[in-house]
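Inspection log for the structure reproduced underneath, given as structure tokens.
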Amino acid sequence: MPHITVAVESTVGSSIGRNDGPVPDESDATGRGGWPVGKGCVEDTLGTDGRPIQTMVLLQEPALPGDEVAAWPVAVLHLNDGRHDLDEVVCVAEVESFVDLVDTTDLSRWHAEPAAWASALGRLTPESAYQVTGCGSRKEADRLVATARHSFLQLTGCLE
């Protein structure tokens, strides 16, 4: 499973969490009884739109804008904003609390179905109205990140 670094831009509370696992401290900044979700991008990647790959990352604690979070991809949300089809990589922070959340098959056990991610995304980007059109596997997310990293290395001349 490839590890990535997510540059966090913003964080919101979510409804994502396990009923039988550890739960966030009720005094945390989420105020929603679930783990915080951050929005950001994968550093050193270049997507087809010329920007770094966009991500949402499940966090143990809220992150501040500019924080870097070590994570691993678990899925890809296929979205439409009314004009464009977009892909958003869904990740989890590299912390023990999330060790058993590794692929789309694990999402329902965590109440982390695409609708929960879309709800968090709606609060993270209130100026955009996203429609979830599908959900891809971890393998698809890994491929998307690898392709975007390769494109970045080609552009920067670092590809050997």
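Linking ILVMFWY side-chain heavy atoms closer than 4.5 Å, directly or via other members, places Trp110 and Met56 in a single hydrophobic cluster. Transitive grouping of hydrophobic side chains (ILVMFWY, heavy atoms separated by less than 4.5 Å) brings Val37 and Val92 into a common cluster. Note on Val145: it does not cluster hydrophobically with Phe98, by side-chain heavy-atom contacts below 4.5 Å among ILVMFWY residues. Under the 4.5 Å side-chain contact rule for hydrophobic residues, Leu101 and Leu77 share a cluster. Trp72 and Val42 fall into different hydrophobic clusters, where Ile, Leu, Val, Met, Phe, Trp and Tyr side chains are chained together by heavy-atom contacts under 4.5 Å.
The shortest non-hydrogen separation linking Val57 to Ala93 is CG2-N, 3.7 Å. Among all heavy-atom pairs drawn from Gly136 and Thr104, the shortest one is O-CG2, 3.2 Å. Pairing each heavy atom of Ala148 with each of Ile53, the nearest pair is CB-CG1, 3.3 Å. The nearest pair of heavy atoms linking Thr125 to Tyr130 is OG1-CE1, 3.2 Å. The two atoms that bring Ala141 and Val76 nearest to each other are CA-CG2, 3.3 Å, heavy atoms only. Between Ala118 and Val132 the shortest heavy-atom distance is CB-CG2, 3.4 Å.
Side-chain contact between Leu64 and Val8 is absent, with no heavy-atom pair separated by less than 4.5 Å. Side-chain contact check for Val90 versus Pro73: every heavy-atom pair is 4.5 Å or farther apart. Counting heavy atoms from C-beta on, the side chains of Cys135 and Leu107 come closer than 4.5 Å. Cys91 has its side chain within reach of Ile4: a pair of non-hydrogen atoms, C-beta onward, lies under 4.5 Å apart. Looking at Leu121 and Leu79, their side chains come closer than 4.5 Å, going by heavy atoms from C-beta outward.
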Note to self: Quick one, Glu140 with His78, criterion side chain to side chain donor-acceptor pair (under 3.5 Å). Give me CA distance, side-chain angles, the key distance, then yes/no.
What the structure shows: CA-CA 11 Å; Glu140 185 179 343; His78 302 293; 3.0 Å; yes

Item checked: Residues Ser97, Trp35; criterion side chain to side chain contact (heavy atoms under 4.5 Å, CB included); working and verdict -> CA-CA 10 Å; Ser97 298; Trp35 296 99; 4.0 Å; yes

Next item on the list: List the steps and the verdict of side chain to side chain contact (heavy atoms under 4.5 Å, CB included) for Thr11 and Leu59.
Entry: CA-CA 9 Å; Thr11 305; Leu59 301 162; 4.0 Å; yes

Checklist line | side chain to side chain contact (heavy atoms under 4.5 Å, CB included) evaluation trace for Asp103 with Val74 | finding: CA-CA 5 Å; Asp103 205 339; Val74 294; 5.8 Å; no

Next item on the list: Just do the side chain to side chain contact (heavy atoms under 4.5 Å, CB included) check on Thr45 and Ser151 with the steps written out, would you?
Entry: CA-CA 7 Å; Thr45 61; Ser151 295; over 6 Å; no

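Annotation: the span from Asp67 atom CG to Glu9 atom CD amounts to 12.0 Å, rounded to 0.5 Å. Of the inter-residue distances, the one linking Leu46 atom CG with Thr147 atom OG1 reads 11.5 Å to the nearest 0.5 angstrom. Here the OG1-CG distance, from Thr48 to Leu144, works out to 8.0 Å after rounding to the nearest 0.5 Å. Note that the OG atom of Ser14 and the CG atom of Leu124 stand 10.0 Å from one another [nearest 0.5 Å].
Classification of Asp106 and Arg109 as a salt-bridged pair holds, one side-chain N sitting under 4.0 Å from a carboxylate O.
Residues passing the side-chain hydrogen bond (donor to acceptor under 3.5 Å, both in side chains) test with Asp49, sequence neighbours excluded: Arg51.
Counting only residues at least two apart or in different chains, salt bridge (charged side-chain N to carboxylate O under 4.0 Å, His left out) contacts with residues 68-86 comprise Asp81-Arg83. Sequence neighbours left out, the pairs with a member in residues 37-48 that pass salt bridge (charged side-chain N to carboxylate O under 4.0 Å, His left out) are Lys39-Glu88.
Side-chain N/O atoms of Ser119 and Arg123 include a donor and acceptor closer than 3.5 Å.
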